[in-house]
Amino acid sequence: MRSELRQRVGDALRIRAADRAHLDCIENERVFLLFKNSNSLSKQDFVDTRPLLRQAIVAACAAFETYLADKVMECIGAALNSNSPPKRLKEIALTVGQWIEIENTYTRRRWGIRPVVEEAVREQASTAPNKVGMVLGMIGINQWSRKVDTQRGVSKGTTESELDAITNRRNRIAHAADRVGQGRADLKVDETDRLLGQIREIVDAIDAVVNANP
């Protein structure tokens, strides 16, 4: 860290002059990361960026799942009130305990069904293509992957293939520390950007498909 920058940062953060020698940073066109005590944690600890990149993929998948569940729940009221509810919605199981709670709590029983449906939706929401189809099917979206492929302008099967690869990588990171054989799989910034870009694009396409669904 340049001495003049160290002094300016020290002044801005009101760091004692005696402690400024320990300041260090990582700086590029995208980020400025300051280490206040480089003796305990420094830029040398960030030479291998794979741990951060792996967590970016896991976080993006979690965000996808939350988005998917939220989007479906936006539309679930219309599906529940339909004269012909979607088959996937009708397949959600209701336990005896849930039935008793609804009977004892709700005057309008359909209001009591919604929490049961939401629990099922959030439990099933996933980046796995079969789960995406299951959840979207609860609001009457059929042939979802073909519609999403069309919306994205990609060839048939592309979205399912990409989500399969993303899900497999996420599962390997979360459950096996991204191990392949005796070591850990390589992961670069450009590959991570590509996967996150696919997730964003798929989300945008799902949003358009759901919004266009009557």
Side-chain angles (χ1 to χ4, degrees), residues 1 5 9 13 22-74 118-136 144-145 148-149 151-210:
M1 191 173 185
L5 178 59
V9 170
L13 298 181
H22 300 303
L23 294 177
D24 203 353
C25 70
I26 291 175
E27 180 181 6
N28 60 31
E29 69 279 2
R30 301 177 70 177
V31 66
F32 183 91
L33 181 61
L34 176 70
F35 300 96
K36 296 178 71 174
N37 186 348
S38 58
N39 290 331
S40 59
L41 182 68
S42 74
K43 59 188 177 185
Q44 300 306 318
D45 296 302
F46 291 81
V47 172
D48 183 1
T49 60
R50 289 178 298 173
L52 292 173
L53 299 178
R54 292 186 187 109
Q55 290 311 306
I57 293 173
V58 172
C61 289
F64 177 96
E65 293 168 3
T66 300
Y67 156 78
L68 182 62
D70 287 348
K71 191 64 181 178
V72 168
M73 289 309 300
E74 284 180 14
E118 181 165 9
E119 181 180 348
V121 168
R122 297 198 180 278
E123 191 175 277
Q124 295 297 325
S126 169
T127 54
N130 64 321
K131 296 292 188 179
V132 175
M134 182 182 299
V135 173
L136 290 176
W144 74 274
S145 61
V148 170
D149 285 338
Q151 180 67 34
R152 296 175 65 198
V154 298
S155 59
K156 180 182 177 182
T158 298
T159 299
E160 286 199 39
S161 176
E162 289 174 349
L163 284 178
D164 261 331
I166 289 167
T167 303
N168 289 337
R169 191 63 186 266
R170 180 264 174 198
N171 289 343
R172 193 170 71 200
I173 292 169
H175 303 304
D178 208 22
R179 293 193 178 278
V180 176
Q182 298 300 314
R184 295 190 181 184
D186 195 17
L187 185 60
K188 302 294 186 183
V189 171
D190 57 351
E191 181 183 359
T192 305
D193 281 342
R194 178 177 58 81
L195 296 178
L196 300 190
Q198 289 172 357
I199 290 175
R200 291 190 199 97
E201 192 175 298
I202 292 168
V203 163
D204 288 341
I206 290 175
D207 210 56
V209 167
V210 173

### Task
Mind running side chain to side chain contact (heavy atoms under 4.5 Å, CB included) on Phe46 and Leu52 for me, showing each step along the way?
CA-CA 9 Å; Phe46 291 81; Leu52 292 173; 3.8 Å; yes
### Task
Walk me through it: do Arg152 and Glu162 pass the test salt bridge (Lys or Arg N to Asp or Glu O under 4.0 Å)?
CA-CA 13 Å; Arg152 296 175 65 198; Glu162 289 174 349; 2.8 Å; yes
#### Entry: Verdict with supporting geometry, Leu136 and Leu68, side chain to side chain contact (heavy atoms under 4.5 Å, CB included)
CA-CA 8 Å; Leu136 290 176; Leu68 182 62; 3.9 Å; yes
### Task
May I have the step-by-step check of side chain to side chain contact (heavy atoms under 4.5 Å, CB included) for Leu34 and Leu13, ending in yes or no?
CA-CA 11 Å; Leu34 176 70; Leu13 298 181; 3.3 Å; yes
#### Entry: Derivation and outcome, side chain to side chain contact (heavy atoms under 4.5 Å, CB included), residues Gln124 and Glu119
CA-CA 9 Å; Gln124 295 297 325; Glu119 181 180 348; over 6 Å; no
#### Entry: Pair Asp190-Lys188, salt bridge (Lys or Arg N to Asp or Glu O under 4.0 Å): steps then yes or no
CA-CA 6 Å; Asp190 57 351; Lys188 302 294 186 183; over 6 Å; no
### Task
Please lay out, stage by stage, how Ser145 and Thr159 fare under the test side-chain hydrogen bond (donor to acceptor under 3.5 Å, both in side chains).
CA-CA 6 Å; Ser145 61; Thr159 299; over 6 Å; no
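Salt bridge annotation for Asp70-Arg122: present, with a cationic side-chain nitrogen under 4.0 angstrom from a carboxylate oxygen. Comment: Arg54 engages Asp178 in a salt bridge, judged by a side-chain N to carboxylate O separation of less than 4.0 angstrom. Using a 4.0 Å cut-off between charged side-chain N and carboxylate O, Asp149 and Lys156 make no salt bridge.
The minimum heavy-atom distance linking Tyr67 with Val203 is given by the pair OH-O, 3.6 Å. Residue Leu41 comes nearest to Phe35 through the heavy atom pair O-CD2, 3.4 Å, listed as atom of the first residue, atom of the second, then distance. A pairwise comparison of heavy atoms in Cys61 and Ile166 identifies SG-CG2, 3.5 Å as the closest pair. The minimum heavy-atom distance linking Arg50 with Arg184 is given by the pair NH1-O, 3.6 Å. Taking both residues in full, the closest heavy atoms of Val180 and Ala185 are given as CG2-CB, 3.7 Å, listed atom of the first, atom of the second, then distance. Contact record, Ser38 with Asp24: CB-CB, 3.9 Å, taken as the closest heavy-atom pair.
Annotation: side-chain hydrogen bond (donor to acceptor under 3.5 Å, both in side chains) contacts of Glu191 (sequence neighbours excluded): Arg169. For the salt bridge (Lys or Arg N to Asp or Glu O under 4.0 Å) test, residues two or more places apart in sequence or in another chain that qualify with Asp207 are Lys71. Asn28 is linked by a side-chain contact (heavy atoms from CB on, under 4.5 Å) to Arg30, Val31, counting only residues two or more places apart in sequence or in another chain. Listed by chain and number, the residues in a side-chain contact (heavy atoms from CB on, under 4.5 Å) with Leu53 are Thr49, Leu187, Val189, Thr192 (sequence neighbours excluded). For Asp204, the side-chain contact (heavy atoms from CB on, under 4.5 Å) test picks out no residue, with sequence neighbours left out. Residues meeting the side-chain contact (heavy atoms from CB on, under 4.5 Å) test with Asp164, sequence neighbours left out: Pro129.
Atom CD1 of Ile206 and atom CD of Glu201 lie 11.5 Å apart (nearest 0.5 Å). Rounding to the nearest 0.5 angstrom, the gap separating the CD atom in Glu27 from the NZ atom in Lys43 is 10.5 Å. Atom CG of Asp193 is separated from atom CD of Gln198 by 11.5 Å, given to the nearest 0.5 angstrom.
With Thr167 contributing its side chain and Thr127 its backbone, the two residues share a donor-acceptor pair below 3.5 Å. Remark: the backbone N or O of Asn168 is not paired with any side-chain donor or acceptor of Asn171 at under 3.5 angstrom.
Between the side chains of Ser161 and Thr158, no donor N or O sits under 3.5 Å from an acceptor N or O.
Side-chain contact between Glu160 and Trp144 is present, with heavy atoms from C-beta onward closer than 4.5 Å.
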